[in-house]
Number of protein chains: 4
Amino acid sequence: MTTQSRKSPDAARRSEASRRAILTAAFELVGEVGYAKLSIEGIAARAGVGKQTIYRWWPSKGAVLFDAFLALTEGQDGREAALPDTGDLEADLKTVLRATADELNDPHYDEPMRALNTEILQDPALAAAYAEKLDGPMKELKKERLRSAQRAGELSDDLDLDLAVEMLWGPLRTRWLERGGPLTHAYADRIVETALNGLRHRA
Amino acid sequence: MTTQSRKSPDAARRSEASRRAILTAAFELVGEVGYAKLSIEGIAARAGVGKQTIYRWWPSKGAVLFDAFLALTEGQDGREAALPDTGDLEADLKTVLRATADELNDPHYDEPMRALNTEILQDPALAAAYAEKLDGPMKELKKERLRSAQRAGELSDDLDLDLAVEMLWGPLRTRWLERGGPLTHAYADRIVETALNGLRHRA
Amino acid sequence: MTTQSRKSPDAARRSEASRRAILTAAFELVGEVGYAKLSIEGIAARAGVGKQTIYRWWPSKGAVLFDAFLALTEGQDGREAALPDTGDLEADLKTVLRATADELNDPHYDEPMRALNTEILQDPALAAAYAEKLDGPMKELKKERLRSAQRAGELSDDLDLDLAVEMLWGPLRTRWLERGGPLTHAYADRIVETALNGLRHRA
Amino acid sequence: MTTQSRKSPDAARRSEASRRAILTAAFELVGEVGYAKLSIEGIAARAGVGKQTIYRWWPSKGAVLFDAFLALTEGQDGREAALPDTGDLEADLKTVLRATADELNDPHYDEPMRALNTEILQDPALAAAYAEKLDGPMKELKKERLRSAQRAGELSDDLDLDLAVEMLWGPLRTRWLERGGPLTHAYADRIVETALNGLRHRA
DNA sequence: ATCTAACCGAGACGGTACGTCGAGTCTTGAA
DNA sequence: TTCAAGACTCGACGTACCGTCTCGGTTAGAT
């Protein structure tokens, strides 16, 4: 977020130490006590920081959480990652979806991620920021892999790539959100097969 | 919900008028002030009811909201509805998905539904109740239509129907949750076509 | 004070235990930490009471303090006290003024009384309440003794009794407020003599 | 005040413009918002000055206010004033007390003066400074007039002049502090008469 | 004529307390 | 026993100021 507050504090004088302490505290706390019991007051206390320092730089609890996630991904930065591309689309997609399933199963990420999704649900501004800063880059990688498959003739040229990505990763995400069942590798594989081949019966 | 409280109040003496007033007030309020500002106190005041009457019969804010939704669907009850089945699966699915899109676009349902989803995200018990009482019956109707298509040879016999339903309705729901774009009829149609035919290019 | 709050809480349901705990805590705290550092939060914590319970019944810190004093004097109630009247006005007044000086010298009363005066200085409503409930009864006793002296021919009939009281007790009070010097019995005696005889030289 | 701070700032480099701006701002603000809502931040903002500049030169809010009053009286300085001395003590005292009453009635001085008195009540150091710098010189003038009356045989030689001053000006000041009634010329006159003649009845 | 140490405006910082809201519990009196 | 009403303790909210602490930028006075 790092949205400009109405009084426009002087970002040049901002304390980097406090910023980091706040993001770390927020991320840890949401994992420990859950999102519902996460409070600005608690974050400030854990971070050893005045509440005002949080209110000065973030408009809401959700914005802090969002920046905490951003800070995490920034740690992985500079790598300009790409999805695996062995030439076998189906195999590659299975590899990636299995990894996604594993990540979602990691209890370390479950509660914070769930918390972030809760906020996104309620806050359009946060949803937009999420789409742009966190989900966007990853989605671009996915689409790039699909584009590569289009060039290789595996996927049709007029495919809606956004929709394709949604159809591949959506079921996993939905099952996670709604706790609709276990996120197994077998499930990941079945999604890939079903999406690629379509629902329709073929003779 | 109507979960049993630990003191197990005597349901026989329960005031039906208060129950209805509470559910109505909850549904209206969540639409007016949003989920974040919805409070038990506010519901009680609007319903002209003591707070204790709410705490006596419901374990949480989310449970009240959930029952409010249940009450809505019960109003439509007794009809044993089914999805349209003209013999043309693709056309039927488009019809239904367009209707779903329209419903999600209805501002009257947007905020309450979003609120319910927020709670479900955080509360596994509520998620289970939602899956069983609200989403379940509708999902069964969808799967029934697909089963009919299997019988007609339009869909393969070994298709995972749950996954199929997710693949058809998931994108619409995800786009709505994340406010990822307009929910148009054209989008609904494209989902159906893509899901049925699969992503893979065919010669 | 016990001023009516705007929401007019139901005094019948008021917790007497909380009320007493609050007044006691306020009185003790002001003696321990001084008026400047006296806080509603501190009073609530010491009294084992929610802040809201204070805000519900009192409009300000000063009003609590005032009621704390009222409660003290009510403890001495039922006695219908009167000032000593031996027939010798000068001796009686010296007795009473010496007692007043002793009281002001008592460190137990100094800080709370000073605190109350601070509030009175700033708050006209509180000043009026003080004049009526705390200072008034005592002043009436003083005037009654002077009236008795008028009847005995010791004081002239057209004397302004309010002014007389002020002239007798004022110097003591002012010296105390301004810390203008020690409040000795000798000083008390000199006040009485000077006030009774007047400043003017007599042949 | 101008009390030495522990870091002993270099008074030679002190900005006179800032000092004046601070004192002016403090005096104006206390008149506008009242003493309770007077804040160092507010003064600094109004004066266009950094907070540190206030903390560097004054130890407390009260000290600033005190200096603001000092600055006012310094404006009237260099004249070596004296109270009127026509030879008629009673008339002269009535003149001066009427003037005092008028001053206390001036709303322009009421709030600031009340604020200063509030601080004096709580802060012994400030009380001493007040007694020495502000009240002292004026009291000396009053005592000088009384001494002149002693020489003229109007007042007895063994009169306690401090007590006499207190007895004359005290009632006015007390009535003002406690808002005990209107400060009229008639009241001023009655004080003088009562104090001079004493309370005692004379045949 | 520069150097340099202080003051200066500005304002971020860790804190304390404010006065308010709502949570969930408890008590009272009427039905 | 349920209900409306609402007082209670408690915890968090978001704000206002506290007094301390840099940060650059002036602005002397001593070199």
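Within every chain, numbering begins at 1; the chains are lettered A, B, ... in the order of the sequence lines, protein sequences first and strands thereafter. Computed from heavy atoms alone, side chains included, the values below leave out hydrogens, waters and symmetry copies.
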Residues in side-chain hydrogen bond (donor to acceptor under 3.5 Å, both in side chains) with [X], at least two apart?
X	result
A:Ser15	A:Ser18
A:Glu111	none
A:Gln52	none
B:Ser60	none

All N/O contacts under 3.5 Å from nucleotides 16-18 of chain F to the protein, with atom names and distances to one decimal?
residue: F:dC18; atom: OP1; partner: D:Ile40; partner atom: N; Å: 2.9
residue: F:dC18; atom: OP2; partner: D:Ile40; partner atom: N; Å: 3.2
residue: F:dC18; atom: OP2; partner: D:Glu41; partner atom: N; Å: 2.9

What is the distance, rounded to the nearest whole Å, between atom [atom1] of [X] and atom [atom2] of [N]?
X	N	atom1	atom2	result
B:Arg20	F:dC3	CZ	P	15 Å
B:Trp57	F:dC3	CH2	P	6 Å
C:Ile54	F:dA7	CD1	P	16 Å
A:Arg56	E:dA10	CZ	P	17 Å
D:Ile43	E:dG9	CD1	P	14 Å
D:Glu16	F:dT27	CD	P	16 Å
C:Asp10	F:dC8	CG	C1'	13 Å

> Closer to the 5' end of DNA chain E via nearest nucleotide, is it A:Ala47 or B:Ser60?
Replying inline: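 Final value for this comparison: A:Ala47.
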> Which comes earlier along DNA chain F counting from the 5' end, the contact point of B:Ser18 or that of C:Ser18, where each point is its nearest nucleotide?
Replying inline: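 Comparing both residues, the 5'-ward one is B:Ser18.
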> Is the NZ or CZ atom of C:Arg14 both under 6.0 Å from the centre of the six-membered ring of C:Trp57 and within 45° of that ring's axis?
Replying inline: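 Yes, C:Arg14 lies over the aromatic ring of C:Trp57.
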> Atom OH of C:Tyr130 and atom CZ of C:Phe69: how far apart are they, to the nearest 0.5 Å?
Replying inline: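 That separation rounds to 8.5 Å.
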> In chain order, what residues pass the salt bridge (Lys or Arg N to Asp or Glu O under 4.0 Å) check against A:Arg20, with sequence neighbours excluded?
Replying inline: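 A:Arg20 satisfies salt bridge (Lys or Arg N to Asp or Glu O under 4.0 Å) with A:Glu16 only.
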>> My understanding is that only residues two or more places apart in sequence, or in another chain, count here; which of them pass side chain to side chain contact (heavy atoms under 4.5 Å, CB included) with C:Asp123?
In response: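 C:Asp123 satisfies side chain to side chain contact (heavy atoms under 4.5 Å, CB included) with C:Ala125, C:Leu126 once adjacent residues are dropped.
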> Among all residues two or more places apart in sequence or in another chain, which pass the side chain to side chain contact (heavy atoms under 4.5 Å, CB included) test with D:Arg13?
Replying inline: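 Per chain and number, D:Arg13 pairs via side chain to side chain contact (heavy atoms under 4.5 Å, CB included) with D:Asp10.
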> Would you say a side-chain N or O of B:Thr53 is under 4.0 Å from OP1 or OP2 of F:dA4?
Replying inline: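 Looking at the OP1 and OP2 atoms of F:dA4, one of them is under 4.0 Å from a side-chain N or O of B:Thr53.
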>> Side-chain N or O of D:Arg14 versus OP1/OP2 of E:dC7: is the shortest distance under 4.0 Å?
In response: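 Checking E:dC7 against D:Arg14, no side-chain N or O comes under 4.0 Å of OP1 or OP2.
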Identify each atom pair where a protein N or O and an N or O of nucleotides 28-31 of chain F are less than 3.5 Å apart, giving names and distance.
none

